[in-house]
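Start at 1 with the first residue, then count along the sequence. Just so we're clear, the structure is a prediction, and the values are computed from it rather than from any experiment.
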Amino acid sequence: MRRFFRLLLGGLLIGSLAGGKAWADEKTEATPDFQKDVLPIFEGKCLRCHGAKRQGGKLDMRTLEAVLTGGDTGPAIKPGHANQSLLIELIHHQEMPPKKEKSAITSSELDLLRRWIDTMPGKP
């Protein structure tokens with residue numbers, strides 16, 4: 001009987017530790033960081049036309065503040081609302097990056113950008 005309880009407690013302990021690790025991994029994956037996760041996508045796919053030398057539509061995508069400010073058509077993103085963000089809409093409809101560019105946004109990159117915007121706190 002004692003052995004049964006030890007096995008039961010051991011199984012519960014291992015299960016809870018594994019579950020806690022999975023939750024921590026999900027939380028890490030659910031909150032992308034601008035500098036570490038998003039900016040590299042922008043550097044590879046967007047900054048040629050929306051960077052230091054050129055700012056198409058008066059949009060600069062080098063900093064979070066600039067993306068929030070936006071360009072001629074307003075803010076590129078709406079914090080907390082990826083589906084209402086112009087950036088996501090243009091990427092989803094394959095209008096950006098332009099078709100003449102060789103490097104389109106991949107589905108995993110688009111998912112990351114959506115997660116990044118959705119996890120941003122909305123403006124008060």
Applying salt bridge (Lys or Arg N to Asp or Glu O under 4.0 Å) to Lys45 and not counting sequence neighbours gives Glu109
One should read off an interatomic distance between Trp116 CH2 and Leu64 CG, to the nearest 0.5 angstrom, of 5.5 Å
Residues 57-75 vs salt bridge (Lys or Arg N to Asp or Glu O under 4.0 Å), sequence neighbours excluded, gives Asp60-Arg62
Could you check whether any side-chain heavy atom of Pro79 comes within less than 4.5 Å of a side-chain heavy atom of Leu68, counting everything from C-beta outward? yes
d(Lys53 NZ, Leu47 CG) to nearest 0.5 Å is 12.0 Å
The salt bridge (Lys or Arg N to Asp or Glu O under 4.0 Å) partners of Glu101 (sequence neighbours excluded) come to Arg48
Interatomic distance, CG@Asp33 vs CG@Leu39, rounded to 0.5 Å, equals 9.5 Å
So OG1 of Thr63 and CZ of Phe42: to nearest 0.5 Å the spacing works out to 10.5 Å
Residue set satisfying side chain to side chain donor-acceptor pair (under 3.5 Å) with Ser107, at least two apart, ordered chain then number -> none
Side-chain polar contacts of residues 89-97 - donor-acceptor pairs under 3.5 angstrom, sequence neighbours left out - could you list them?
| unit_1 | atom_1 | unit_2 | atom_2 | d |
| --- | --- | --- | --- | --- |
| His92 | ND1 | Arg114 | NH2 | 3.4 |

In this structure, CG of Leu112 is separated from CG of Asp37 (nearest 0.5 Å) by 5.5 Å
CG (Leu113) and CG (Leu87) are apart, to the nearest 0.5 Å, by 6.0 Å
Contacts of Leu59 meeting side chain to side chain contact (heavy atoms under 4.5 Å, CB included) (sequence neighbours excluded), chain-then-number -> His50, Met61, Ala76
What one should report as the nearest heavy-atom pair of Ile105 and Leu110 is CG2-N, 3.7 Å
Determine yes or no for a side-chain-to-main-chain donor-acceptor pair under 3.5 angstrom, with Thr119 supplying the side chain and Thr31 the backbone. no
